[in-house]
Amino acid sequence: MNYEELLAFAGRNPMLSMAFAGLTVAILVTEVRRLLRGYKSIKPAELTQLINAGGAVVVDLSAGTDFEKGHIAGSRNVQPAQFGPEHKLVANAKQSPVVLVCRTGTASETAAKALKKAGFEQVHVLDGGLPAWQQAELPLVKGRN
């Protein structure tokens with residue numbers, strides 16, 4: 001297929017061509033934003049490695065009742081409205097890995113942006129939240145820490 005054939009195809013199928021161009025632009029924008037956001041999404045296996053290596057601060061931004069029903073061992077519960085770069089759990093962890101976890105990912109991403117803006121170097125968000133952790137069949141701890 002050469003350039004002339006592509007142009008002829010686009011001329012015969014304008015809606016299909018526009019849809020293809022739109023999807024291509026959307027994918028490019030999404031990937032560029034992901035690269036520039038400053039924090040990293042990690043899978044449950046990567047979180048396990050960070051925890052085992054030591055020094056990782058795992059912050060669970062779930063509601064208190066959800067946290068008591070099940071959370072990652074060693075994580076600390078903070079309400080999203082009370083969490084920020086100056087919170088006592090992370091105030092001295094600007095060089096340490098900080099992993100944010102919630103049920104849906106929304107609260108974690110908002111908190112991650114705030115931490116990166118405040119100068120934290122290693123900010124991570126658990127991709128898929130606690131449901132991804134459970135889907136990977138990794139253990140949860142019940143009750144409060």
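Just so it is clear, the model here is predicted, and its values are computed rather than measured.
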Do other residues, nucleotides or ligands put more than 12 heavy atoms under 6.0 Å from Glu137 CD?
->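 12 or below, so no.
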List the atom pairs, with distances to 0.1 Å, where a side-chain N or O of residues 46-60 and a protein N or O form a donor-acceptor pair under 3.5 Å, not counting sequence neighbours.
residue : atom : partner : partner atom : Å
Glu46   : OE1  : Lys43   : N            : 2.8
Thr48   : OG1  : Pro44   : O            : 3.0
Asn52   : ND2  : Thr48   : O            : 3.3
Asp60   : OD1  : Ser62   : N            : 2.8
Asp60   : OD1  : Ser62   : OG           : 2.5

4.5 Å side-chain heavy-atom contact, [X] and [Y]:
| X | Y | value |
| --- | --- | --- |
| Asn77 | Asp66 | no |
| Leu115 | Tyr39 | no |
| Leu16 | Phe20 | no |
| Thr110 | Leu61 | no |

Would you say Glu5's side chain and Asn2's backbone share a donor-acceptor pair under 3.5 angstrom?
->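 Yes: the side chain of Glu5 pairs with the backbone of Asn2.
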Trp133 side, atom CH2; Leu126 side, atom CG - distance, nearest 0.5 Å =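 Nearest 0.5 Å value for the CH2-CG distance: 7.5 Å.
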Can you measure from CD (Glu68) to NZ (Lys142) and round to the nearest 0.5 angstrom?
->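 Those atoms lie 11.5 Å apart.
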Quick check: closest heavy atoms across [X] and [Y], and the distance to 0.1 Å?
| X | Y | result |
| --- | --- | --- |
| Gly128 | Pro131 | O-CD, 3.4 Å |
| Ser75 | His71 | OG-CD2, 3.5 Å |
| Arg103 | Leu130 | NH1-CG, 2.8 Å |

For a quick test of your reading: what N or O donor-acceptor pairs under 3.5 Å do the side chains of residues 83-101 make, sequence neighbours left out?
residue : atom : partner : partner atom : Å
His87   : ND1  : Leu89   : N            : 3.2
Lys94   : NZ   : Ala118  : O            : 2.8

